Amino acid sequence: MIGLNHYLLLGTVLFGIGAYGVFAKRNAIAVLMSIELMLNAVNVNFVAINRFLQPAAGMGQLFAIFVIVVAAAEVAVGLALIISIYRHRKSVDLNDFNLLKW
Amino acid sequence: MSDFPILSVTLLLPIAGAVLITMLSPTQKSIIRSIAAVSTLGSLLLSLVVFFGYDQLQGGLQMTESIPWVRDLGISYALGVDGISIPLLLLTNLIGFSAVYASWHTQERVKEFFVLLLLLISGVMGTFIATDLFIFFLFYEVVVIPIYLLVIMFGSSKRVTKEYAGMKLTIYLLIGSAFLLVGLIALFVQAKALLGFPTMDINTLARADFSVGFQVFVYCLMALGFGTLLSMFPFHAWSPDGYAGAPTAVSMIHAGVLKKIGGYGLIRIGLLLLPAGARYVAPLIAILALGNVVYAGIICLTQKDLKYIVGYSSVSHMGYVLLGIASVNLISLNGAVMMMFAMGLWPPCSSP
Amino acid sequence: MIMNMDSLVFLIISAFTIASALGVVLSRNIIHSALALILTFLGVAMNFFDLGASFLGLVQILVYAGAISVLIIFAIMLVMKPDSAATNPPTPSRDTHFIGGLLAWLVMIGVGMAIGLTRWPAMASEPAEADAVGTLATLLLGNYVVAFEAAAILLLLAAVGAIILAKGDENP
Amino acid sequence: MLIQDVMTFSWLIPVLPFLAFALIGLFLHRWPKWSAACSIAAIGVSFFLSVLIAVEIFGGDPGRAFEMSVRWLEMPGLKVDMGILIDPLTAVMLLVVTTVALLVQIYSLGYMEGDPGRASYFAYQSIFAGSMLGLVMASNFGQIFVFWELVGMCSYLLIGFWFGRPSARDAAIKAFVTNRIGDFGFLLGILFLIIVFGTLNFGELAALIPDYHNLAVLLPIAVLLFFGPVGKSAQFPLHVWLPDAMEGPTPVSALIHAATMVAAGVYLIARAFFIFSQVPQAMLLIALVGGFTALLAATIALVQNDIKRILAYSTLSQLGYMVMAMGVGAMTAGMFHLRTHAFFKGLLFLAAGSVIHALHGEQDIWKMGGLAKKMPITTWTFVIGALALAGIPPLAGFWSKDEILLGAFAGGYTGLYLLGSLVAFMTAFYMFRLIFIAFFGVSKGAEQAHESPPVMTGPLVILAALSIGAGFVGSPWMGNVFGLYISTPGAVHHPVNPTIMAVSSLLALAGIGLAWLIYQKQAVSAEKLRQRWPALYHVFLNKYYVDEFYAWLGKVFVDAGARVLEWVDLKIINGAVNGLAYLTGSSGRTLRYAVNGQVQSYAIWVMVGLVLLLATVLKTVFTVLV
């Protein structure tokens with residue numbers, strides 16, 4: 001019987017893959033995509049918990065909607081930032097993005 | 001007359017002037033100056049009214065105003081004056097007005113200058129007439145920010161750069177106020193336990209029966225905090241540099257009234273709320289005060305810059321005030337307040 | 001282990017999702033990564049359908065698989081180098097690579113253990129009633145209207161900010 | 001009727017000059033003539049009132065006194081009044097001060113003619129007159145201290161009147177600082193008084209002190225109080241400021257640094273005689289300090305070449321005389337000498353000023369000579385003053401000096417008597433050395449000299465008359481009126497001793513004769529004497545090197561101490577502060593290498609934190625489970 005734990009584990013694995021992507025990729029867009037993976041993992045958890053614990057309240061789905069909204073905003077701003085930086089540095093390699101240094 | 005909130009008006013006039021000035025264009029220099037002059041003059045006249053309207057025979061706190069603010073913490077916007085605060089209120093306004101007058105010919109960034117100056121004057125005034133610890137502390141903090149900006153924007157570099165002087169001054173005052181804040185919170189918490197209800201009102205707090213050990217602890221914190229502000233030896237290093245670095249108007253306020261907040265606080269909060277602690281710590285304070293008097297006085301002798309002479313001598317003179325406070329008797333306290341008033345008048349006069 | 005239909009569906013969807021996700025992070029071509037990302041989004045959407053959140057699944061497909069993916073692909077096209085094969089390399093530093101993987105594993109194991117150890121309250125065996133959209137609407141425009149409006153403003157600001165950022169200087 | 005009211009209006013005496021000061025300072029300073037008129041009018045009215053008061057006081061019983069006061073400040077344990085006390089002592093001082101001040105101000109009209117700072121000069125003169133009158137009328141120590149400081153301030157202002165000259169500035173600062181040293185002791189004495197007795201009022205103290213026998217307390221009080229006179233009356237070792245004070249305009253020297261302010265110290269001893277007379281050790285100290293100062297200053301005056309400096313050292317010497325008189329208990333004699341000295345020393349200074357004025361600022365006596373023909377009035381009034389100072393009968397100085405010597409001799413202080421006689425001899429010598437060199441003899445570059453205008457010679461003549469006549473009130477043949485009134489319990493009186501009179505007169509004549517021999521007749525060469533005792537000559541000429549010693553002391557202790565402390569302040573206290581700041585800064589600089597700008601490495605730290613958090617949660621969970 002598939003239960004809550006299975007879905008949560010799916011979320012965990014997605015989150016881990018996303019986290020790995022955040023650390024291991026050089027391309028800023030790839031990092032952004034990995035972050036999207038992590039956000040999706042969270043959404044899976046929200047919806048699963050909503051389904052199994054309080055199906056009638058709908059709170060989990062509500063939160064998932066907010067996460068999607070915020071993720072959309074984040075992607076828009078993030079990509080704009082990357083393009084803006086690319087225009088100046090001619091690169092999307094995160095190793096070249098060391099403006100935060102000191 | 002009795003319903004007229006004279007203290008609030010006195011306090012808020014310079015702030016109102018500052019707000020008005022912010023709405024003007026930086027090029028309207030003469031209007032800016034006039035607003036500053038009018039608002040400080042108004043405050044000065046009102047404080048004269050307070051001075052002569054105070055009923056000496058009755059004594060005690062008068063012209064009180066109190067508006068509850070944060071009820072859960074017992075904070076209220078409470079003002080009032082008594083024999084200790086009236087001379088200092090008058091002094092602040094005298095010096096505030098003359099500071100505006102002295103900087104009449106400022107040419108650069110006139111708008112910013114007068115806005116900050118008016119805020120500074122209001123802040124100092126607020127500390128002298130607040131009867132609520134929180135309001136007192138609030139105004140104390142209000143003082144620090146404009147003075148920093150004034151020093152680094154309009155100051156002059158002497159022995160040290162003005163940025164250094166301003167930063168030193170600010171850090172000293174903020175560290176002092178950190179000690180003070182701890183003391184105030186300790187007082188508040190302890191008083192809440194003793195009285196059963198939260199209050200920040202100084203006179204109500206004075207009714208709480210603090211234990212001697214607690215008083216000594218808090219008084220030590222107060223002495224550190226206020227002592228830094230009144231440049232108690234060896235926490236005086238900010239004073240000469242800050243004095244020399246500041247523009248004239250700020251030097252006037254700095255040596256004239258800013259340090260008096262320390263003396264005033266030690267009398268008003270230290271002696272009133274924590275008499276046993278004050279007695280206990282008095283010998284130590286007296287020794288440090290002697291350090292002030294002699295040490296800074298002697299250093300004065302080799303100074304060649306007039307502003308440094310005034311700076312060190314104001315350190316030296318604050319030693320007398322501290323000595324008066326440490327003596328813990330009526331004559332010496334009278335003397336301390338007199339001294340604060342008198343020495344508040346002379347550094348402005350000798351400000352070049 | 002008894003395999004019933006539900007389990008089978010779940011397993012297939014999960015495997016599909018995880019495989020696509022791995023494709024996102026392991027592919028060396030950024031275009032492939034982006035395409036795999038779309039597949040992952042679809043997988044997650046299928047998960048939502050499976051969980052009875054059909055409205056959310058639709059939203060997922062529309063917003064993620066539709067809008068965001070297109071946005072990402074546009075961005076890739078704007079910044080892509082001529083040879084797309086090496087556009088998505090892993091970091092050159094072995095340490096970062098290793099530490100990243102290690103940390104990811106640690107998190108997965110930790111969270112997995114936490115999940116296993118958690119005692120959940122009573123489970124609902126049935127999915128929610130059909131009118132999930134109505135429930136959500138009531139919540140969004142009722143108790144959470146302030147958050148809803150805030151999210152709306154956030155989106156607006158993000159859109160404006162993105163335009164300003166991406167537009168760049170008028171006279172470079 | 002008027003006479004009765006004059007007492008109640010006596011507070012006007014000091015207030016009027018203060019008013020004049022305010023008027024000049026606020027309104028009249030643009031018009032020097034009006035300023036001068038205002039100032040002179042004020043002091044004139046004060047003089048008139050003083051005369052009325054003197055008539056009232058000396059017309060009645062000797063013990064008569066008038067006192068009134070208002071409360072100035074009051075708090076538990078401290079009461080200070082502002083009031084006036086008029087007794088014979090005050091009345092005499094009022095007369096002296098107003099007379100000399102009035103004459104000096106009139107004289108200044110001529111002397112300060114054309115000076116650009118005339119208006120402020122008269123303003124200062126006014127505030128000085130007011131302060132001095134307030135001082136002599138004070139009814140308690142608190143008030144006397146206030147006016148004491150005020151006259152010190154006026155002295156500072158007037159010495160530095162020509163502040164364009166560095167020497168004048170330095171002299172003013174020197175005077176002020178030296179006075180402050182004395183005043184500090186004085187203030188401590190006053191504080192002790194208020195602590196021990198709880199009051200500062202002269203009358204109340206005078207009632208309390210005779211019953212107070214704790215000498216261990218009274219002695220320090222008396223000595224500390226004596227610090228005030230030591231500073232103000234320029235007694236050794238604080239005498240150094242007075243000769244330098246001659247940098248001020250000459251009328252100022254006459255008024256402040258000869259006749260009135262420097263005498264305030266003597267007046268204070270007289271006023272507080274009821275304290276000093278209780279403490280024999282303090283009296284002895286006073287007598288010794290006074291006698292030593294008298295001798296020291298007289299020896300220095302023997303060899304000086306500047307006309308004003310000779311007079312200044314003479315003033316010092318005479319002040320020492322007065323203080324010595326106080327010390328030997330002859331308080332009446334001291335006050336008597338103060339009074340006569342005020343007249344003839346004021347005269348001498350004004351006459352010297354007349355000479356300086358005529359010679360356009362020349363002060364070296366060797367560059368004068370032969371002035372007698374050109375400036376007859378100045379010369380003869382100067383001679384009268386010098387004779388009075390030398391103590392030739394029947395001029396004023398004779399009577400008062402004689403009383404002091406009598407007091408010393410009869411009081412059993414034979415050493416001091418001999419010393420006083422020696423000083424009298426030297427006084428006569430150096431005064432007539434000055435006269436023979438500057439006024440007689442051959443003219444050296446003083447051809448253009450001419451007599452001063454009447455506005456200057458008038459006061460000279462009046463003062464000359466006073467120098468001749470003022471002594472008779474204290475002479476035994478006039479019934480010793482002065483002593484009848486000016487006396488306090490503890491002051492001693494002695495019967496007339498003709499021998500002492502004769503001896504002192506003869507000594508004075510001998511001094512004049514010696515000066516005549518050396519400088520007029522040139523029977524003995526001054527040059528030879530100088531070469532005979534070169535060491536002595538140089539010690540005298542360099543004022544015993546006291547100034548140099550003080551300068552060295554200042555350099556070694558004050559300057560060096562200040563430098564050391566400044567070093568401590570800059571290096572140790574500021575160093576600690578800056579060190580703390582440096583520590584903060586350097587730790588920041590070290591730690592910033594952790595911040596490499598790579599977003600991913602920051603993310604790794606975030607994730608490490610997450611893992612740690614997880615570990616903690618799991619640990620808790622396991623503990624709960626196990």
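Each chain gets a letter, A, B and so on, in the order the sequences are listed, and its residues count up from 1. Since the structure is predicted, the reported quantities are computational estimates derived from the model, not experimental observations. Worth knowing before you read on, the calculation uses all heavy atoms, side chains too, and leaves out hydrogens, waters and symmetry mates.
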Could you check which of [options] has the highest count of heavy-atom pairs closer than 4.5 Å to chain A?
options                       : answer
C/I99, C/L102, C/D50          : C/D50
C/L140, C/T40, C/V107, C/V63  : C/L140
C/V59, C/V111, C/L139, C/L154 : C/L139

Less than 4.5 Å apart, side chain to side chain, heavy atoms only: is that true for [X] and [Y]?
X      : Y      : answer
A/L39  : C/Y64  : yes
A/I17  : C/I18  : yes
A/E74  : A/I35  : yes
C/L141 : C/F148 : yes

Heavy-atom pairs under 4.5 Å with chain C - which of [options] has more of them than the others?
options                    : value
A/I29, A/N40, A/V47, A/L37 : A/N40
A/V70, A/L79, A/I83, A/V22 : A/L79
A/A76, A/S34, A/A41, A/G11 : A/A76

[X] (side chain) donor-acceptor with [Y] (main chain) under 3.5 angstrom:
X     : Y     : answer
C/H32 : C/N29 : no
A/R51 : A/F46 : no
C/S20 : C/F16 : yes

Which portion of [X] sits near chain C, non-hydrogen atoms under 4.5 angstrom:
X     : result
A/L62 : both
A/L9  : both
A/L8  : both
A/N50 : neither

Exercise for the section: Taking atom types as modelled, find out whether C/N47 and C/Q60 have a side-chain donor-acceptor pair closer than 3.5 angstrom. Expected result: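 Per modelled atom types, C/N47 and C/Q60 side chains form no pair under 3.5 Å.
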Given heavy-atom pairs under 4.5 angstrom as the criterion, report whether the side chain, backbone, both or neither of [X] touches chain A.
X      : value
C/A67  : neither
C/A152 : neither
C/L103 : side chain
C/W105 : neither
C/L37  : side chain
C/S14  : both
C/F74  : neither

Practice task
Report the distance from atom CD of A/Q61 to atom CZ of C/F48, rounding to the nearest 0.5 Å.
Solution key: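 Those atoms lie 8.5 Å apart.
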Problem - Rounded distance [0.5 Å steps], CG in A/N5 versus CZ in A/F52 - result: 9.5 Å
Handout entry: Close aromatic pair by centroid cut-off 6.0 Å: A/Y7 and C/F10
Key = yes
